[in-house]
Number of protein chains: 4
Amino acid sequence: VIAGPCSVESEAQFRETALAVKDGGAHMLRGGAFKPRTSPYAFQGLGLHGLQLMKRSAAEVGLPLVTEAMAPDQAASVASFADMLQIGARNMRNEPLLVAAARTGLPVLLKRGMTATVDELLAAAQRVLAAGNPRIVVCERGTRTPEPELRNSVDLVAMLEIKRRSGLPVVVDPSHGTGRTDLVEAVACAAVAAGADGVMVEVHPNPSVALSDGHQSMHLDSFGRFMASVRSVAEAVARWSP
Amino acid sequence: VIAGPCSVESEAQFRETALAVKDGGAHMLRGGAFKPRTSPYAFQGLGLHGLQLMKRSAAEVGLPLVTEAMAPDQAASVASFADMLQIGARNMRNEPLLVAAARTGLPVLLKRGMTATVDELLAAAQRVLAAGNPRIVVCERGTRTPEPELRNSVDLVAMLEIKRRSGLPVVVDPSHGTGRTDLVEAVACAAVAAGADGVMVEVHPNPSVALSDGHQSMHLDSFGRFMASVRSVAEAVARWSP
Amino acid sequence: VIAGPCSVESEAQFRETALAVKDGGAHMLRGGAFKPRTSPYAFQGLGLHGLQLMKRSAAEVGLPLVTEAMAPDQAASVASFADMLQIGARNMRNEPLLVAAARTGLPVLLKRGMTATVDELLAAAQRVLAAGNPRIVVCERGTRTPEPELRNSVDLVAMLEIKRRSGLPVVVDPSHGTGRTDLVEAVACAAVAAGADGVMVEVHPNPSVALSDGHQSMHLDSFGRFMASVRSVAEAVARWSP
Amino acid sequence: VIAGPCSVESEAQFRETALAVKDGGAHMLRGGAFKPRTSPYAFQGLGLHGLQLMKRSAAEVGLPLVTEAMAPDQAASVASFADMLQIGARNMRNEPLLVAAARTGLPVLLKRGMTATVDELLAAAQRVLAAGNPRIVVCERGTRTPEPELRNSVDLVAMLEIKRRSGLPVVVDPSHGTGRTDLVEAVACAAVAAGADGVMVEVHPNPSVALSDGHQSMHLDSFGRFMASVRSVAEAVARWSP
């Protein structure tokens, strides 16, 4: 279980989240400092300062940190603060970025493009591999569906097919994969029941004032219950490792 | 758990399946006598004779039977052999059929059209309701995805939304929802973990010679293991009723 | 050019439309008496009485009439009032209806299902053919697109592929294919430029009070200009037959 | 009309193409030196050397040149050889690249992402604008469709909507928008009939040995006929400017 806020907003916000998810049993921290936003007027992240804040809290609670790099010339500096480098869904086919991320030597968390086929995803993974880095984790984060009010739906069939064809570990992101806080726990449990190797969720001390993704972020207070549900399903399918 | 072959092919085939799924703990039998096939040259089902065979085996094993009617003037006669009437995915918007099915008074298993939105599905349910029949079960059976080699993927987010908006019970069909035998069990477990009220699976004594849907039918020998997995997940999320 | 209202609403409304589109140079009339509507509470059409009204006006202006049958047991009686029988998009895979329509002996206007593949459409055409009726015209009416505010987009590439694989004539419906009156003329011209054998458009004396599809129906006053544009493009690609 | 090969492969290949499309009446040259390819093992382009070759031929025939930059740190050097900078479909949401391209001061040809909504496309255009560059041309290059054998279809309805909402000029790319040489001319004519401000096509002296996109490139010998068809439709809708 990888958990944390969409964006790091302040030291207090990230540290409170880090302490709570560590306490709840999460295995890894997530948080964004450089934010790929559709609108140029949305919050773009704290940048380098955000990376420093996150690294400090991650060290304090003793959890590894995954965060995103958005441009090739950013990869090395982001890598110096992180334990795993995330390639966002909209950058899955950004070849220069894939190569730069690979060359940092860190494990790469490669998010599936919103409408990418399995072949396209595996070609992106091959980019990372061809640049000399075999430490790849794929993240299924939902594809568009016929339903206009539910822009995304986690595609567990694709997840299974990615695992079968590539042998790579796959984590599922039910926060982006549903876009709605009320669906996150159910879909996380479904992913684990289907055989996901992990789940990545957005958690925030106060989603209603989050600077990004508040609508799909879980409240810290719900994290304990969430972990209990996921653990219960994981044990039922014999996939829990504390 | 609703289980049975895609098509009833012979008395021996259906009876063997019925005995095995009853023994494995299924709650209801399924089987098709009138088959909506894309090609006019594919097996079209045994028709009335098939209904008689299925009813006999269902009575013998003591399980209720759900089967499909394809045309308005067929609804009443199909209903006389069944305990629940299925409306197939391609007929979700066939209004005369919805009305005729509703008027039989049997519960209606309404399959979501392959690319129907939640609103369109609920409008179809409203047709049945407006014709005087409130006994409706919705079946999520997969929508098209960006992945060309996986034509369908069960949409658990839509399932949750259908339940939330309508309060209707929803079963998930992982056989059509994946199109591949090797994915059925994982996706059935995912559906149950996410909160599905039931699953419907295709089972056959010998899928390699099935007259329809052999590629997505589970072998009878696998049904026990399948039931154990589904039951284990259902118990983990406290949804099992024997 | 096939033109007429979505639904026949009254003798005056249909006759006024018929006179105007004949005057504008249309080759065939369209109009619906049995309406497949998503909601059970929407206008369902004038039924048999509507067929009689339409036949009278069609005879008066001297144009052939195409109209839709929605159920197998309706096909023969609808056929007795029409020159061509329409199968609606939502019924493209309604096999009993396809067979019943074929057996009337009338030419069949087969609308492509909203998300049907070319193979599925051609399988439906094969149903009609296999029932003994080779007089088939296919109608491309738009498929869903990634754009949520534009639910449909005419798929001219599919139209070309349908023509190439089957040799069947294909007409394009820019009214349903765009869902917006302001886009109908541009898309009709595009269809003709790409090689469509015809276009089918919804026209109404007063779209703002139409009982169905007012948002995509052209005002009668615009029909002359529409015909001039389409004719100009058709002549440019040498496809006009008066 | 913007025409040229997918990739510049040699001075002879590009010069021959440039002379022929100039002779046929094209208004602008296209060609790629840095190629975003799905597979790391596919031809990746001639790079800087390719830019030099293209600039030389463009100057010789007296046509402006549009070519693609793939990474932010590449934008300035690519811009020094080009008259317009292309942002490829897979980079439509690559914000650092959009900003870097905008800052070169050249007009930006922004290709719509393969499954981007109109809102997402306009947000990308807004990125360029917010970075101080209002000279934006949008390119519609096809979206995925339900048809698995036709991965793309030009979406003329979206093109019209983009024009209506933004007022930006829109060109259509029927080469990528169909993926098949035999459909390029028909779809180019359709785009012009619907109101496109331009078309961009891939042309090659010998498509069967092209290092990229041979399946969708027009043979030089067909270019004259192509231009005659496009011009004829453009004149019919009063949109031709020599």
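Chain A is the first sequence line, chain B the second, and so forth, proteins listed ahead of strands; every chain is numbered from 1. Computation of the quantities below employed the complete heavy-atom set of this structure, encompassing side-chain atoms and omitting hydrogens, waters and symmetry-equivalent molecules.
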**OP:** Verify the neighbour count for atom CZ of R225(A): are there more than 12 heavy atoms of other residues, nucleotides or ligands below 6.0 Å?
**Re:** no

Subject >> Passing option when L109(B) is tested against V171(B), L85(B), V138(B) for side-chain contact (heavy atoms from CB on, under 4.5 Å) >> reply: V171(B)

Original post:
Top residue by heavy-atom pair count (under 4.5 Å) with chain A, among G142(B), G179(B), A193(B)?
Top reply: A193(B)

Subject >> Which atoms of V154(A) approach chain B - backbone, side chain, both or neither, heavy atom under 4.5 Å >> reply: backbone

**OP:** Sort out for me which of S229(A), C189(A), A194(A) touches chain B most, counting heavy-atom pairs under 4.5 Å.
**Re:** A194(A)

Original post:
So, K111(A) and E68(A), do they make that salt bridge, N to O below 4.0 Å?
Top reply: no

Subject >> Test side-chain contact (heavy atoms from CB on, under 4.5 Å) applied to M200(A) and Q86(A), H176(A), R141(A), E140(A), the passing residue >> reply: Q86(A)

